[in-house]
Each structure stands twice: as structure tokens, then as C-alpha cells.
Amino acid sequence: MKMETLQISIFLLACSLSACWTLPSIRKNENDLESEARDYLAEIDRLTSQKCYESTVAEWDYATDINTQNEKAKLKMSLELAKLTKEIWTNVTITFKERQDFKDPDLLRKLKKIRVLGSAALPDDEYKKYAQLETSMTKHYSTTKVCPFETREACIYSLEPDLTKIMRESRYEGALRHFWTQWHDKSGGPIKKSYKQFIEISNQAAKLNNFNDMGELWLTAYESETIKDDVEQLWQTLKPLYQNIHAYVRAKLRNVYGDQFSDDGLIPAHLLGNMWAQSWENIYSLMVPYPKKSSIDVTQEMIKQGYTPLKMFQVADEFFTSMGLIPMPNEFWKQSLIEKPKNREVVCHASAWDFCNGKDFRIKQCTRVTTKDLVIVHHEMGHIQYQLQYKHQPYIYREGANPGFHEAVGDTIALSVITPKHLRKIGLLDKTVPIDDHETSINFLFAMALEKIAFLPFSYLIDKYRWDIFDGTVDESQYNTHWWKLRKEYQGIKPPSVRTEEHFDAGAKFHIPANVEYLRYFVSTVIQFQFHRSLCTEASQYSPEDPAKPLHNCDIYGSKVAGAKLADGLSMGSSRKWPEIMKVMTGQEKMDASAIREYFKPLEDWLTSVNEKMRETPGWN
Ligand code: X8Z
Ligand code: ZN
């Protein structure tokens with residue numbers, strides 16, 4: 001029987017611009033504060049989920065129809081959510097401050113998570129400024145238009161689809177240089193001042209959370225004291241492979257655009273098939289290792305077969321369900337936005353949305369019928385699959401085990417989808433062409449390396465850059481200089497036109513104005529191969545002892561056991577530290593590069609010998 005207890009009711013009435021809510025009272029039961037805390041957290045779960053739903057609806061409305069009214073509504077809801085979060089935080093930290101004697105590890109984990117408040121810690125006015133800056137920078141990025149090349153037509157070229165297509169398909173150096181420069185000048189430059197203010201307010205928020213700066217706060221999501229060193233270590237292990245592919249690509253590009261190269265060993269950033277030179281699969285056709293063998297660029301075949309964005313989403317959904325995973329719900333098919341609307345401005349950058357009510361999940365993507373977009377569709381659907389798997393968890397655990405896990409799910413699936421074996425299965429590669437020979441494998445691995453290995457230094461340097469800005473190593477006077485210093489050092493690339501501190505080229509990449517942490521993509525690129533190796537083993541599609549079943553050939557389509565293993569990990573959300581969840585999914589507790597190295601081993605050997613034959617020395621000055 002419970003003892004008679006002293007109960008103090010604290011009613012908290014919190015209000016935002018127009019809405020009010022009553023926070024549940026904490027009954028201070030001195031004898032069983034632990035169970036009171038548990039009850040309280042369960043109560044606020046409903047309240048937060050509801051507010052999260054309302055704010056996500058407003059955000060969605062804005063991102064799919066950029067106009068002033070939607071912008072105002074989104075800001076209002078974002079303020080309300082921040083305010084509610086802060087009230088809860090205050091309530092929890094005051095009431096349970098001294099309760100480190102709590103025994104329940106789950107309760108302690110929840111309280112620990114609640115204590116990191118993030119930007120909501122800011123005073124109302126400052127939070128408003130913070131949210132406005134983020135919105136206005138993203139709006140600028142999403143609505144930037146640039147002028148055509150060598151004509152006097154109107155300046156109406158947008159990033160998606162126009163510039164993306166030009167960077168992907170054009171081989172005309174002058175045009176590439178023109179559009180590269182226009183985009184960087186017009187999207188990045190004008191937000192430089194706002195970005196500086198944004199950094200200042202971000203750091204103010206970090207300090208209110210007892211961190212030195214926002215870079216430090218971001219890293220807490222990885223729950224590891226050694227995360228920076230671990231990532232550096234991974235990069236050092238993978239750098240030789242990157243330098244090998246860099247050298248081969250440089251040699252081939254020199255044959256096409258000779259006069260653009262000097263003896264510094266750097267590659268001009270506009271020649272790599274992508275606005276940010278972040279992944280290079282679009283220039284595959286300029287340097288196919290074995291041109292007579294088949295390739296995985298199935299864009300033309302998709303177009304020929306009348307693929308539509310909807311068909312691409314159905315193909316992806318079919319893969320997930322073949323493994324016994326959760327199908328995309330009805331709301332998803334009804335409410336997602338999968339093509340760029342013609343009549344209004346939208347935030348085209350692809351994203352996957354959890355509306356916090358366990359029912360509504362949507363993707364927003366300006367999908368084009370290309371191989372690359374087929375991969376992105378799987379990437380985005382991986383996010384939704386994760387959200388569906390953990391939807392039963394309390395609000396505070398409805399997130400990835402760490403941010404890299406969330407990015408890795410769809411990519412792990414896509415590693416199977418994109419194998420020649422699977423593309424043939426779904427009728428996108430000719431059944432009569434052989435695919436099991438060494439040369440076809442090299443073609444395939446080379447295309448994959450242009451996507452995955454080329455991406456490694458980029459995905460690392462974006463946050464290295466921001467860590468240096470957040471902690472004050474670099475100030476506004478060096479924003480652009482530092483960006484190009486890192487681009488040279490890590491990627492071995494250089495800008496195609498003169499850059500000064502008038503410019504802000506980092507701002508020309510979505511995640512900078514939109515304030516999305518980027519280390520997640522580096523982590524994802526490494527761990528998705530660990531996931532792949534484990535699921536392939538589970539599906540009996542790979543064995544290290546069997547040369548007929550190499551890791552890069554594995555397709556886990558239809559494997560219910562692999563699906564179950566994946567679901568086991570995903571359904572935990574962030575309720576445990578990620579090493580524990582990784583153990584469930586892979587048997588390993590650490591990130592490690594052995595799976596990605598093993599996957600690319602045949603290519604690494606091939607590149608080493610070809611570079612030697614060409615006398616192309618990896619590296620740059
Ligand atoms: O931003 C994305 C996704 C949404 S999470 C489309 N990606 C990064 C990028 O585009 O820079 C996926 C790969 C890297
Ligand atoms: Zn993503």
C-alpha cells in the first residue's frame with residue numbers, strides 16, 4: 001500500500017501568441033517521485049505530439065507553397081512549439097533537478113534527452129529572430145533564379161530541374177562555368193550577413209544549453225566523447241581510395257577539358273556533373289572503365305518504359321514490402337508531393353515528413369525520371385520506413401539512433417536495388433547481356449564509387465567548416481577563404497571563377513541556409529555498408545568465403561529475415577544508445593570502414609593498377 005504522501009500541485013498555464021495549453025501538474029510525491037516523473041512524461045507526450053502535428057502541418061503548407069501567409073503561420077506554430085518545449089524543460093529541470101538517485105534507466109534517459117533543449121532555449125524574441133533568419137535563408141535558396149548562357153532571355157533558370165540537368169548533362173565547359181558561377185553568386189552571396197547573425201544566435205542558444213557552441217551541441221546526438229576522432233579515423237582509412245578515384249577522374253577529365261587543368265593536381269569544381277561536386281556519378285559516361293560492357297545508368301531505359309515519379313515510388317514501396325517491412329500508408333499516397341508544381345514556389349530539396357500523429361507521413365520531392373532520383377526515392381522512403389517502425393515509441397524516442405542511422409536506411413536498401421542483378425530483375429537491364437563478369441563488376445563499382453567514395457570528403461568538410469565557424473576559429477572575414485581551403489584540402493577541387501569574401505559559396509548548398517547538420521551523411525555512408533553486409537549475410541546473399549557471392553553483388557530483395565533484423569533495430573528509435581542498436585542490426589558496436597573497403601576492394605585494386613599505368617599520381621598540392 002502506498003504511504004500517505006504530500007502532494008503539491010503545480011499548474012502551469014503556458015501561452016503563446018494566441019494559443020494556451022495547460023501543462024499537467026506534477027504531484028510532488030516525495031516517496032515515489034520516480035513514478036510521478038514517469039507519469040508526467042507520459043502526459044506531456046500527448047501534448048507535445050499534438051503541438052508537433054500542428055507545427056508540422058504549418059511547415060508542410062509553407063514548404064509546398066511558399067507565400068507570405070504560409071510563412072507567418074509557420075513561424076507562429078514554430079514559436080508555439082518552442083514555447084511548449086521550454087515550459088516542459090523548465091518544469092522538468094526544476095522539479096527533478098536533484099533526482100540523480102532515480103533507478104529506472106529508461107526514465108533517466110528520457111530526462112537526459114529533455115534537458116537538451118536546443119534553440120528553444122532562446123528568449124522569445126531571439127527565438128523569433130532565429131526562426132525568421134532560417135526561413136528567409138531557405139526561402140532565398142529555394143527561389144533563386146539565374147540567367148541563361150549567351151542569350152538575352154529572361155533569368156528564370158531554377159536549381160531544380162534546370163541547373164541540376166545542365167550540370168548533369170552538359171559537357172560544354174563555358175556553359176558549366178557560367179551556371180556554376182551564377183548559382184554560387186546568386187544563392188550564396190546575398191545570405192552571408194544573415195548567416196553571420198544566425199551563427200551568433202545559434203551559439204547563444206548553445207550556451208543557454210550549457211555548451212560552448214552549437215557545433216558542440218550538434219555532436220551530442222552521437223552520444224560519444226570520441227565522435228570527432230572516430231570520424232577522422234574513418235576518413236584517414238578511406239582517403240587513399242578517394243585519392244585513387246580522384247586521380248583516375250582527373251586523368252579522364254583532362255582528356256576532355258585539357259586547358260582547364262594546371263599542375264596543382266586540383267579538379268575544377270564545375271566539371272564533376274554536380275553543382276557542389278559532392279558526388280560524381282553524372283560524369284560516368286566520360287570515363288567508363290569498360291565501354292563495351294553494361295552499365296547501371298538506366299535513365300534512358302526508364303524513360304523508354306514510360307516510368308513516372310509515381311511508378312518510381314511504387315517500385316520502392318514494393319522492395320520494402322518484399323522484405324516484410326511496413327507499406328507506405330494511404331495518407332502517404334494521398335498527401336505526398338512527388339512532382340514539382342508549376343503554379344507556385346516550393347522547397348524542392350527532397351525530404352521525408354513525420355507528422356507526429358502516427359498516421360500522417362509524407363515525402364516532398366521534385367522527382368525526375370533518372371537513375372539518381374530512383375535512388376533518392378529509396379533514400380526518402382527509408383526515412384519514412386524508420387518513422388513507421390518507431391511510431392509506437394514515446395515522442396522523445398521517435399528519431400534515429402543517431403542522425404546517421406536515419407540517412408542510412410534507404411541507402412542500404414538502394415545498395416541492393418542498384419545492383420545489375422536487381423535492375424535486371426525489375427526489367428531495367430537487358431536480360432541477354434552478361435553481368436557476372438569482372439569487367440561489368442568494375443563498371444558497376446566505378447559508378448558506385450563516383451557516388452559514394454566521391455561523397456566522403458564533401459560530407460565530412462561541411463561540418464568541419466561549420467564547427468570552425470561555431471567555435472570562432474574562423475570569423476566572417478574568412479568565411480569564403482576557409483570554405484575553399486577545406487574544399488581544396490579534402491576534396492582536391494578548386495573554383496572555376498575568382499572567389500572573394502564578397503561571395504559565400506557554402507551558402508549555395510541547401511544544408512547551410514536550411515541549417516541541417518551534415519556529419520549524418522558521412523556517418524551514413526560508412527554504416528550503410530555495415531548494415532548491407534549484415535543484412536546480406538542474414539539473407540544468405542553474401543559470404544566472405546564464397547567468391548561467387550561478393551558483397552557488391554548482394555540483393556536482399558524478398559528476404560523476410562533481413563527485413564526482420566532491420567525492423568528490430570529501427571523500431572527501437574533512440575530508446576537506446578546507438579552502439580546497442582547497431583549491435584542488434586550488425587553484431588558490431590562501432591562504426592568501421594571494413595565493409596565499405598571490402599565492397600570496393602576489386603575497384604581499388606583496379607584503380608591502383610590503372611593509375612600506375614597512366615602514371616597518374618594520386619594526391620594534389
Ligand atoms: O539532403 C539529402 C536528402 C534529404 S535528407 C535528399 N541528401 C544529401 C544532399 O542532398 O546533399 C541525400 C544525400 C546527401
Ligand atoms: Zn535523408
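Each ligand, and each atom within it, is numbered from 1 in the order the structure gives.
Within the 4.5 Å cutoff, the side chain of Met448 has heavy atoms near those of the Leu415 side chain.
The Ala350 neighbourhood of ligand 1 comprises atoms 4 (C), 6 (C), with distances under 4.0 Å to a heavy atom of that residue. Within the listing of ligand 1, atoms 5 (S) sit less than 4.0 angstrom from a heavy atom of Glu407. Short contacts between ligand 1 and Lys509, defined as distances under 4.0 Å to a heavy atom of the residue, involve ligand atoms 9 (C), 10 (O), 11 (O). The ligand atoms of ligand 1 that sit less than 4.0 angstrom from a heavy atom of Phe455 are 14 (C). Per-residue contacts place Glu380 under 4.0 angstrom from the following atoms of ligand 1 (heavy atoms of the residue considered): 3 (C), 4 (C), 6 (C).
For Tyr518, a nitrogen or oxygen atom sits less than 3.5 Å from a nitrogen or oxygen atom of ligand 1, counting backbone and side chain alike. Backbone and side-chain nitrogen or oxygen atoms of Gln278 are examined, and one is located within less than 3.5 angstrom of a nitrogen or oxygen of ligand 1. Here's the thing with His383: none of its N/O atoms is less than 3.5 angstrom from an N/O atom of ligand 1.
In this structure, Arg362 forms a cation-pi arrangement with Phe355, its terminal cationic atom sitting closer than 6.0 Å to the ring centre and no more than 45° off the ring axis. Relative to the ring axis of Tyr242, Lys239 does not place its NZ or CZ within 45° and under 6.0 Å from the centre.
Of the candidates Ile283, Leu176, Asn282, Ile283 is the only one forming a side-chain contact (heavy atoms from CB on, under 4.5 Å) with Leu272.
When distances from the Zn ion (ligand 2) to the N, O or S atoms of Glu407 are compared, OE1 comes out shortest.
Taking each of Phe510, Phe522, Tyr521 in turn, the one with a heavy atom nearest to atom 7 (N) of ligand 1 proves to be Tyr521.
Scanning the protein heavy atoms around atom 1 (O) of ligand 1, the nearest turns out to be His349 NE2, 2.6 Å.
The aromatic rings of His383 and His406 sit tilted, their planes meeting at an angle between 30° and 60°.
Around atom CZ of Arg576, no more than 12 heavy atoms belonging to other residues, nucleotides or ligands sit under 6.0 Å away.
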Assess the residue pair His379 and Asp411 against the criterion (side-chain hydrogen bond (donor to acceptor under 3.5 Å, both in side chains)); give the C-alpha distance rounded to whole Å, side-chain angles, the decisive distance to 0.1 Å, and a yes or no. CA-CA 5 Å; His379 173 95; Asp411 280 16; 2.8 Å; yes

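One of the N, O or S atoms belonging to His379 lies under 2.8 Å away from the Zn ion (ligand 2).
Of the possible donor and acceptor atoms, one in the side chain of Tyr222 sits under 3.5 Å from a partner among the backbone N and O of Arg520.
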